Amino acid sequence: MKTLITIAFLALLVLTGCSSPSATGIKVHIQNGDYARAVHLADSVLAGPEAGNAEIWYWKARAHCFQQDWESATAAFGQAYRLDPTRKPAIAEFWSAFYNTANSRFTGGDMSGAMEVLSQGAEIAPERPEFPQMKGDIRLNQGETAEALDLFEEAFSLGSSMVSSLEAELAAEADPYRKEFLENEYYRVLSGAVLSSYNSARILENLFFNTEDETLKREYASRAVAILHSGIALDPTNPDLLETLAEIHLIQGNYDEALEVFNNAEGAIAQNEAEGWITHEEAETMKGELMLTRGFALLE
């Protein structure tokens with residue numbers, strides 16, 4: 001099950017003379033924290049001659065976001081975008097509304113509905129790795145392995161690029177509140193990128209075992225090693241990536257390389273336990289699994 005993504009939506013608005021009186025009224029209700037009245041006013045306006053006013057749809061969507069009514073927010077943002085595509089950058093800031101709507105549909109078993117919203121979200125915010133990541137989960141759930149692999153690799157590419165951008169922003173940021181926000185975003189995006197790397201490698205490993213073609217076997221194993229190294233470059237002490245890399249080296253027959261990675265993985269587990277990322281019980285379980293796989297390598 002995926003996790004809802006919560007973004008801090010600021011209610012501080014600038015009321016300018018450029019907006020219609022109706023839009024200004026909706027903004028005032030939002031600024032006062034009266035989101036229900038903001039939605040009610042928007043609905044009343046949209047029921048009349050201003051049904052095609054993209055600005056009203058946009059602020060209606062903003063009010064729904066504060067209510068965490070993701071389905072309604074997504075529908076309103078979509079309508080605002082269709083009526084006025086130039087609002088795309090502003091709507092893209094609320095990409096998590098599309099993600100959360102898709103997540104709700106996904107967990108409810110509506111795969112086609114989830115894919116529809118994910119495609120819409122990816123069109124509006126194409127730089128977000130969360131959309132291909134969830135698409136990959138759905139494709140994998142449906143047994144469409146090749147499609148899932150392409151999507152996980154796309155998610156990793158987008159995620160690793162975003163991690164680099166966030167690192168640069170963090171280094172330059174002085175405001176403590178903004179810095180805290182960027183740190184949280186950094187670790188969340190990093191976690192997603194690592195997961196995409198892991199998922200891609202596991203799919204390639206599965207493809208390796210399900211083909212008799214030696215050329216394809218070498219290709220799958222090499223691709224898995226490459227994306228695992230890329231993931232480890234982002235998170236050098238991630239035990240899941242290290243253990244998977246060691247397993248790939250084993251199936252390639254590279255036993256010395258596998259043993260070296262196993263040693264690194266054992267150290268990573270100890271470090272993660274010491275830093276509080278995993279519990280002692282989780283660390284012991286991981287060490288046990290690691291020792292079992294390493295035992296096969298030593299036998300070879």
Side-chain angles (χ1 to χ4, degrees), residues 129 133 136 140 145-146 148-164 166-167 186-300:
Q133 173 73 46
L140 193 60
T145 307
L149 177 59
D150 289 342
L151 288 161
F152 286 136
E153 289 181 333
E154 178 188 352
F156 177 77
S157 177
L158 291 172
S160 57
S161 177
M162 188 168 286
V163 164
S164 297
L166 288 166
E167 283 179 338
Y186 170 80
Y187 284 115
R188 191 183 59 74
V189 174
L190 174 65
S191 176
V194 167
L195 179 59
S196 294
S197 172
Y198 177 82
N199 287 344
S200 297
R202 285 302 188 187
I203 289 175
L204 288 163
E205 184 181 25
N206 186 59
L207 291 171
F208 176 96
F209 285 119
N210 283 283
T211 183
E212 299 299 324
D213 187 312
E214 291 301 322
T215 301
L216 283 176
K217 281 182 177 290
R218 288 192 295 273
E219 178 188 338
Y220 292 145
S222 296
R223 284 177 64 186
V225 168
I227 198 164
L228 284 167
H229 276 301
S230 296
I232 291 167
L234 295 178
D235 188 1
T237 63
N238 187 282
D240 292 325
L241 295 183
L242 289 167
E243 184 176 0
T244 306
L245 178 59
E247 291 176 8
I248 301 297
H249 279 316
L250 280 181
I251 66 177
Q252 287 179 305
N254 300 328
Y255 303 114
D256 290 340
E257 290 90 337
L259 289 172
E260 181 180 353
V261 177
F262 276 129
N263 290 335
N264 293 337
E266 187 172 12
I269 293 170
Q271 181 175 337
N272 282 319
E273 181 186 0
E275 293 177 354
W277 295 106
I278 56 176
T279 66
H280 177 70
E281 291 74 18
E282 290 171 333
E284 290 301 307
T285 299
M286 293 171 72
K287 287 177 184 177
E289 294 172 350
L290 192 65
M291 290 177 65
L292 179 63
T293 312
R294 183 166 56 183
F296 289 118
L298 290 169
L299 286 174
E300 292 291 346

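Here the structure is a predicted model, which is why all the values come from computation and not from measurement. Any value given below was found using the heavy atoms of this structure, including those in side chains, with hydrogens, waters and symmetry copies removed. Just so you know, residue 1 is the first one in the sequence shown, and it goes up from there.
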Salt-bridge test for E205 and R202: reply yes if a basic N is under 4.0 Å from a carboxylate O, no otherwise.
-> yes
Under 4.5 Å between any side-chain heavy atoms of N199 and L140, yes or no?
-> no
Any side-chain heavy-atom pair of T211 and L207 under 4.5 Å | no
Measure the spacing between CG of L204 and NZ of K217 and express it to the nearest 0.5 Å.
-> 13.0 Å
Sidechain-backbone polar pair: S196 side chain, G192 backbone, donor-acceptor under 3.5 Å = yes
Locate the shortest heavy-atom distance separating L242 from V261; write the atom from each residue and the value.
-> O-CG1, 2.9 Å
Least distance between heavy atoms, G136 atom then A148 atom = O-CB, 3.5 Å
Residues G231 and V194: closest non-hydrogen pair is O-CG2, 4.5 Å
Nearest atoms (heavy-atom pairs only) where Y220 meets F208 | CD1-N, 3.7 Å
What one should report as the nearest heavy-atom pair of A193 and S160 is CB-N, 4.2 Å
Once you round to the nearest 0.5 Å, how far does CD1 of I248 lie from CD of E257?
-> 13.5 Å
Please name the pair of heavy atoms, one in P129 and one in A155, separated by the smallest distance, quoted to 0.1 Å.
-> CB-O, 3.5 Å
Any side-chain heavy atom of Q133 sitting closer than 4.5 Å to one from F152?
-> yes
Is there a donor-acceptor pair under 3.5 Å between the side chain of S230 and the backbone N or O of A226?
-> yes
The reported gap from OH in Y198 to CD in E243 (rounded to nearest 0.5 angstrom) is 7.5 Å
With no hydrogens and no angle check, do the side chains of E153 and S200 hold a donor and an acceptor under 3.5 Å apart?
-> no
Validation row: L234, F156 side chains within 4.5 angstrom (heavy atoms) = yes
Per side chain to side chain contact (heavy atoms under 4.5 Å, CB included), L241 is matched among I227, I232, L195 by I232
Report the distance from atom CG of N238 to atom CD of Q271, rounding to the nearest 0.5 Å.
-> 11.5 Å
